[in-house]
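The first residue of the sequence shown is numbered 1, and numbering continues consecutively from there.
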Amino acid sequence: MRVALFVTCVNDTLFPGTGRAVVTLLRRLGVDVDFPMAQTCCGQMHVNTGYRDEGARLARRTVAAFHGYDAVVMPSGSCAAMVREQYPRLTGGPQAPPGLRAAVDELVPRTYELTEFLVDVLGVTDVGAYFPHRVTYHPTCHSLRGLHLGDRPLALLRQVGGLELVPLPNAEECCGFGGTFAVKNAGVSAAMCADKVRNVLDTGAEVLCAADNSCLMHIGGTLGRQRTGVRVMHLAEILAATEAATEAATRDGAERAASARRPGAAR
């Protein structure tokens with residue numbers, strides 16, 4: 001298979017480790033991953049705020065960047081839903097760029113959110129991951145209601161060695177991010193996030209994971225400001241973790257701590 005990573009602009013700009021984790025994970029499973037350099041934003045924020053023409057131009061750029069690949073994999077339910085749900089809507093009307101409809105119709109069935117690709121295309125739930133922590137999972141709105149990912153992320157998490165998966169109360173409630181919603185309706189957004197954080201804390205989890213870093217950024221901000229000690233991690237980073245890598249990181253941390261305690265160590 002010729003597989004392309006659509007990293008999304010949020011990950012590329014703010015969470016590059018997620019993109020690296022996807023590549024590490026897929027290569028471990030025997031998938032050759034390419035990264036088309038022509039990719040940019042999927043256009044979601046433009047379309048959601050009424051700039052359909054700008055969104056259509058970005059859609060045309062996207063279909064050109066990912067032409068010829070057997071599959072396009074995204075570590076984002078939000079952006080995958082944009083391609084699958086909104087791109088076809090941009091092809092109607094006299095303002096749509098010529099040929100865009102055919103190009104979109106060809107791209108949509110090749111576009112997968114990461115967990116869809118792992119479970120439905122590769123047919124795996126045990127990806128050889130190891131993550132010895134107590135984890136809870138937040139199903140983001142686009143992954144839950146748009147893509148209908150269902151049990152796929154949980155099936156993958158249940159097979160991770162050392163991981164204790166705990167259910168999140170009222171998991172299906174929105175975290176309040178919603179892109180520009182959080183800006184235009186800050187008070188409502190913050191209240192929704194406070195409810196989500198309270199439910200996360202009730203689980204006693206060390207880590208909150210999800211399939212969208214945008215929502216994790218929103219929830220993680222509140223968790224951090226409240227000094228809860230709960231980390232947020234993209235699902236891809238948990239699935240990319242292995243026992244060998246975890247042991248190496250633990251040794252490295254112990255060596256750095258020991259070095260810092262030695263007389264004369266820089267402070």
Side-chain angles (χ1 to χ4, degrees), residues 1 3-8 10-11 15 17-33 70-81 83-84 110-169 171-172 175 199-200 203-216 219-220 230-246 249:
M1 296 181 68
V3 174
L5 168 63
F6 193 164
V7 73
T8 80
V10 168
N11 289 325
F15 304 99
T18 295
R20 291 193 292 268
V22 174
V23 174
T24 297
L25 171 62
L26 293 181
R27 285 180 175 169
R28 192 169 75 220
L29 296 173
V31 177
D32 187 18
V33 188
D70 298 309
V72 178
V73 178
M74 302 186 192
S76 168
S78 177
C79 295
V83 173
R84 299 235 295 258
R110 296 187 289 110
T111 301
Y112 299 91
E113 184 273 336
L114 176 64
T115 66
E116 288 181 311
F117 184 74
L118 294 173
V119 176
D120 298 349
V121 179
L122 298 186
V124 298
T125 53
D126 187 346
V127 298
Y130 178 78
F131 191 74
H133 299 282
R134 186 178 174 93
V135 177
T136 193
Y137 171 74
H138 165 61
T140 63
C141 289
H142 280 100
S143 63
L144 178 68
R145 300 175 178 88
L147 298 179
H148 304 288
L149 292 186
D151 198 46
R152 294 178 183 87
L154 297 175
L156 290 158
L157 287 170
R158 291 185 187 114
Q159 296 297 323
V160 175
L163 187 147
E164 180 187 358
L165 181 62
V166 291
L168 177 64
E172 296 186 355
C175 72
N199 288 328
V200 170
T203 68
E206 304 167 67
V207 177
L208 169 70
C209 79
D212 278 282
N213 270 325
S214 53
C215 297
L216 287 176
I219 304 168
V230 179
R231 291 185 291 157
V232 296
M233 288 183 69
H234 193 283
L235 179 63
E237 295 175 71
I238 292 177
L239 297 180
T242 61
E243 187 167 6
T246 300

### Task
Test side chain to side chain contact (heavy atoms under 4.5 Å, CB included) on M1 and V31 and set out the steps.
CA-CA 7 Å; M1 296 181 68; V31 177; 5.7 Å; no

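- Taking 4.5 Å as the limit, some side-chain heavy atom of L25 sits within range of a side-chain heavy atom of L118.
- Considering all non-hydrogen atoms of both residues, C175 and H138 come closest at CB-NE2, 4.0 Å.
- A donor-acceptor pair under 3.5 Å links the side-chain atoms of R145 to the main chain of E172, judged by distance alone.
- Counting heavy-atom neighbours within 6.0 Å of D70 CG, excluding the residue itself, gives a total above 12.
- The heavy-atom pair separating Y137 from L208 by the smallest distance is C-CD1, 4.4 Å.
- Between the CG atom in L147 and the SG atom in C141 there is a gap of 12.0 Å [rounded to 0.5 Å].
- Put simply, NE2 on H234 and CG on L239 are 9.5 Å apart, with the number rounded to the nearest 0.5 Å.
- With sequence neighbours left out, the ring pair (Phe, Tyr, Trp, His ring centres under 6.0 Å) criterion links F131 to H133.
- Side chain of R28 to main chain of V127: a donor-acceptor pair is present (N/O by atom type, distance under 3.5 Å, no hydrogens or angles).
- Distance alone, capped at 3.5 Å, places no donor-acceptor pair between the N11 side chain and the T18 backbone.
- Between F117 and V3 the shortest side-chain heavy-atom distance falls below 4.5 Å.
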### Task
Assess whether side chain to side chain contact (heavy atoms under 4.5 Å, CB included) is satisfied between V200 and L168, documenting all intermediate values.
CA-CA 6 Å; V200 170; L168 177 64; 3.8 Å; yes

### Message
Run the side chain to side chain contact (heavy atoms under 4.5 Å, CB included) test on S143 and E113 for me, step by step, so that the C-alpha distance in whole Å, both residues' side-chain angles and the decisive distance to 0.1 Å come before the verdict.
### Response
CA-CA 8 Å; S143 63; E113 184 273 336; 5.7 Å; no

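- Contact annotation: the side chain of P169 approaches that of T203 to within less than 4.5 Å [non-hydrogen atoms, C-beta and beyond].
- Between T125 and Q159, the closest heavy-atom pair is O-CB, 3.5 Å.
- Here the CG atom belonging to L114 is positioned 12.0 Å from the CZ atom belonging to R152, to the nearest 0.5 angstrom.
- A donor-acceptor contact shorter than 3.5 Å is absent between the side chain of R158 and the backbone of L165.
- With rounding to the nearest 0.5 angstrom, the CG atom of D212 is 11.5 Å from the CG atom of L144.
- Taken from CG in L216 to OG1 in T140, the straight-line distance is 8.5 Å, to the nearest 0.5 Å.
- Taking each heavy atom of C209 and V135 in turn, the nearest pair found is SG-CG1, 4.0 Å.
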### Task
Show your reasoning for whether side chain to side chain contact (heavy atoms under 4.5 Å, CB included) applies to T136 and V230.
CA-CA 11 Å; T136 193; V230 179; over 6 Å; no

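- Rounded to the nearest 0.5 angstrom, E164 CD and R134 CZ are separated by 4.0 Å.
- Annotation for A21 and A240: closest pair O-CB, 3.6 Å, computed over non-hydrogen atoms.
- Of all the heavy atoms in L149 and E116, the pair that sits closest is CD2-CG, 3.3 Å.
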